[in-house]
Structures are given as structure tokens and as C-alpha cells.
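Here is how names work: the chains are called A, B, and so on, in the same order as the sequence lines, proteins then strands, and each is numbered from 1.
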Protein chains: 2
Amino acid sequence: MSAPPKHAIRPATLEAIVEAAIHLLNANAGATMSEIAAQAGVGRATLHRHFQTRKDLIRAIGIRCIEEMNASVQIGQDAGKPAVDRLRSMFRAVIPLGDRYSFLSLESADDDSVRQGYKVQLRWVEALVEDLKKQREIDPDVPTRWVVAQIDQLVWTAWNGTSEGYLTPDEASELAVRTLIHGLHRRAQPHYSS
Amino acid sequence: MSAPPKHAIRPATLEAIVEAAIHLLNANAGATMSEIAAQAGVGRATLHRHFQTRKDLIRAIGIRCIEEMNASVQIGQDAGKPAVDRLRSMFRAVIPLGDRYSFLSLESADDDSVRQGYKVQLRWVEALVEDLKKQREIDPDVPTRWVVAQIDQLVWTAWNGTSEGYLTPDEASELAVRTLIHGLHRRAQPHYSS
DNA sequence: ATTGATTGAGACACTATTGTCTCATTTTTG
DNA sequence: CAAAAATGAGACAATAGTGTCTCAATCAAT
């Protein structure tokens, strides 16, 4: 495939590029290599030294993001814990990665490695939903795809709430769990399975 | 601003262009004027005859979409009806416009007319949420912004569910109402305020 | 401090897309 | 059917972005 880059990359440079690219490409999917370089405080040539192609850059960042997400999804998923607790752990771990997440859905929807990584994540979430159904936390009649979609959206909305400053990370996770399981009805209080 | 177009446009041509553009730009935000013309079954020159610039095209479609959405949001919003019924009416009316909606959030986030139109919509939704809180359907302690964000996301998820074929429009609206108010808990049954 | 490697800046050719124009063809209107 | 108008097809210049390269400046490690 692509020849291994002749130049090594300085960790600080890599970090700057990755963060700038995620940030810019979220705000504007058509962001330019020049813009990314400028935002990263790096020469445009340096971008091309380490990522021959714009696609290579997006692809590399996509893989990085999906790996970060997958690692986070699995945090605190001990089979022993009640499913609701695992749900909360997942939210807590994943919500702070909301920008990564939206980058993935905007930019890397058609990359093979990313799609494959996403399937892994999907299976974890589906397994969790199945457990939630078994433990009677979620109505088995609701399509699993719907539940999974809600979880996805809740991650994004919760991240957005923290990044806009009207929610703390803890509030966001708690609100996400509550919204999914009990909804926003007034008397809906969390009442976890005994 | 832009001179009034010298050529009239045939309604069928306009329709074809608008639909093609919405469809293509949802799938690929960077879709080309050529691609849009081809998908619309129209010459590329015709596009430029009626929309001088690519921006003009996106802008015109954005305005059209936001107006369609605003009209739909207000369907069946008689002040007399219970807020939950109005919520359901809104979902029913808006969910079928999901593709319009995602077009707006992807393409027209920075257009002034669209932003202004979006504010109108936002106020309607906020008013509905306030009523839901007053009628004790939604916990007043939950931030209104969170509720509004959930409604937004539910519209998209529900539209997606119908377009992927695993939900009928009615199921989608019902599931959206239930998810928002009562959540997906097993024993959560709709119990509207007497 | 010196050496080796990474980076920044800019020039360059190449490609894709945009936006304008013209003219023949088709469609609509009367 | 005839006139007017809208469309399709293609040529065209202009622009913007990509990817490659070179060379001087800067940084890191010994």
C-alpha cells in the first residue's frame, strides 16, 4: 500500500495535527489541508510528509478515533454488574469523546477499517441492550435498533450539553441513563432492579 | 443582491433539481454541480441558469426546507389540546421531513435566513416543552435545552427508522413520544394526565 | 557544541470544479 | 402550426485545492 513515511514524526506535531483535523473537520467537512495545517500551527508540507493524501489523513484519524471509542465502550463492562450500571459506565466513558464520535459519522462513514471497527462497537452496545432487556430494564418489544440509535444520539447530545456548558459530565451521563430508561416524565425516578 | 433570473423555470425542472440536491447532499456533502444536474436529469447549464452559484442553490434549498419544516411544526398545535397530543402531532408531521432536516443541519448551518427560520421553529418547540412541563408530563427540573435536543434527535432517529423500513410512520411517532416521556423501561406504559 | 533529522516556506505542475457563453434542440404557448 | 421560451450539450477561462519537491532554518540527542 502506501510506503512507510521516510520521516519520523514528533509526538507534539502529530498531536497538533490530529486535534486540529478533528476540530476543523467537525465544524466544516470540507476543511482544506491548508486550513488544517494552519490550525495545527504546522506547515502544509509537514501534513503531506506524514499523510501523503487527504484521504490518508482522514483515514488515519478515523482509525484512531474508532479505536479510542472501542476502548472506552468496554470500560467497566464486567459481566457481573447490573446492566444499568454498565450502561452508566459506558456513557461516562464515551460522552467525553463526543467530538471523536461526530467526526466518525461525518467523515469516515465509507472507510473499511472504520466500518469494521464500528461493527465491534455496535456488537458491544447490542449485547448491553440485550442484557438490559433480560434484566427487565428495557421493554423487549422495543426494537434493539431503536435502542441502539437512541444510545448513539444520547452520547452526542450529552457531549454537546457539556461542551456548551449547561451540563457537567456527571449530570450528562445521569440524564442520558434516565432519558433512555425512564424518560423525562415528572414522576419518573430511577428505580433500579432491586 | 443577485439579479432576478432572466429565464423562468419549469416547475418539473425545479422539483427535480431540489429533490436531487437534497438527496445527493445528504449522502455526500461535497456533491458536485455536475452530479446534482445528472441526478436531476438536467443539464449543468440549467442549474447555473436558475442558481448562479453553488451557494445560491444550497441557500435556496435551505430556505425552502426550513419553511416546509416550520409549516409542519405548527400543524395541529391548537392551544386547547393536551400538550402530549400536540407533541404527537408534531412528530407525525415532522418525521416524514427527516431528510430535509438533516440537509439543514449539514449544509445550511451558517446561512442567515435559515438560522432565522430555525429560531422560529425553536420557539415553537420550546413553547411546547414549557406546556409539557406545566401539564406535568415532563419534569421541570430537566433543562429545556436537553428536552429540545432530544426532540430534535428523535425526529431524525424516527425518520431513519422509517426510511430503513423497520418502523412504520405511526410506530415511529408513537415510539418517539414514548421514548421522550416515559423512556424504554418495561413497565413504562403511556398514562396521559387524566 | 556538533551532527543528524524534522520542520517551514515557497515554487511548481496537475487536476477538478466552477461559472459563463453560444448554439442547436425541445417544449410550451397562443 | 408558428413564435417564443426554456433546455441540453459542449467549449472556455478562471479558480482553488492537491500533491511533490527543494532548500534553509530549527530542533533533538549525544
Taking [atom1] from [X] and [atom2] from [N], how many angstroms apart are they, rounded to a whole number?
X       : N      : atom1 : atom2 : answer
B:Leu14 : D:dA6  : CG    : P     : 14 Å
B:Phe51 : C:dG19 : CZ    : C1'   : 15 Å
A:Glu15 : C:dT7  : CD    : P     : 14 Å
A:Leu57 : D:dT18 : CG    : C1'   : 13 Å
B:Asp56 : C:dT20 : CG    : C1'   : 15 Å
B:Ile9  : D:dG8  : CD1   : C1'   : 14 Å

Q. Are B:Arg115 and B:Asp110 within salt-bridge range, i.e. N to O under 4.0 Å?
A.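 No.
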
Q. Just checking, any donor-acceptor pair under 3.5 angstrom between side chains of B:Glu130 and B:Thr144?
A.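 Yes.
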
Q. So how far off straight is the helix from C:dA1-D:dT30 to C:dG30-D:dC1, going by the axes through five pairs at either end, to 10°?
A.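 Rounded to the nearest 10 degrees, the bend comes out at 50°.
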
Q. If you look at every heavy atom in A:Leu47 and A:Val42, which pair is closest and at what distance?
A.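 Of all heavy-atom pairs spanning A:Leu47 and A:Val42, the closest is CD1-CG1, 4.1 Å.
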
Q | side-chain N/O B:Thr53 vs C:dT18 OP1/OP2, d < 4.0 Å | A |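 It does not, given that no N or O in the side chain of B:Thr53 lies less than 4.0 Å from OP1 or OP2 of C:dT18.
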
Q.
So, does A:His50 get its side chain near the phosphate of C:dT7, meaning an N or O under 4.0 Å from OP1 or OP2?
A.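 Affirmative; the distance criterion is met.
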
Q: Please check if the side chain of B:Asn26 supplies one atom and the backbone of B:Asp99 the other of a donor-acceptor pair under 3.5 Å.
A: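 Between the backbone of B:Asp99 and the side chain of B:Asn26 there is a qualifying donor-acceptor contact (under 3.5 Å).
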
Q: Give, ordered by number, those residues of residues 27-48 of chain A having at least one heavy-atom distance below 4.0 Å to an atom of DNA chain D; if nothing qualifies, reply none.
A: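 Residues of residues 27-48 of chain A that come under 4.0 Å of DNA chain D are, in numerical order, A:Thr32, A:Met33, A:Arg44, A:Ala45, A:His48.
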
To the nearest 0.5 Å, what is the distance between [atom1] ([X]) and [atom2] ([Y])?
X        : Y        : atom1 : atom2 : result
A:Leu175 : A:Leu184 : CG    : CG    : 6.5 Å
B:Phe51  : B:Arg59  : CZ    : CZ    : 12.0 Å
B:Leu132 : A:His185 : CG    : NE2   : 10.0 Å

**Q.** A:Ile9 side chain near A:Arg49 side chain, heavy-atom distance below 4.5 Å
**A.**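 A:Ile9 vs A:Arg49: side chains apart.
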
Q | Which residue lies more 5' along DNA chain C, comparing B:Lys55 with B:Arg10 via nearest heavy atoms | A |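 First, find each residue's nearest nucleotide; the 5'-ward one identifies B:Lys55.
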
Q | NE2/A:His23: more than 12 non-hydrogen atoms of other groups inside 6.0 Å | A |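 No - once you tally the heavy atoms of other residues, nucleotides and ligands closer than 6.0 Å, there are 12 at most.
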
Q) Does B:Arg49 make a side-chain donor-acceptor contact with the base of C:dG19, cut-off 3.5 Å? A)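 Not at all, since no donor on one side and acceptor on the other fall under 3.5 Å apart.
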
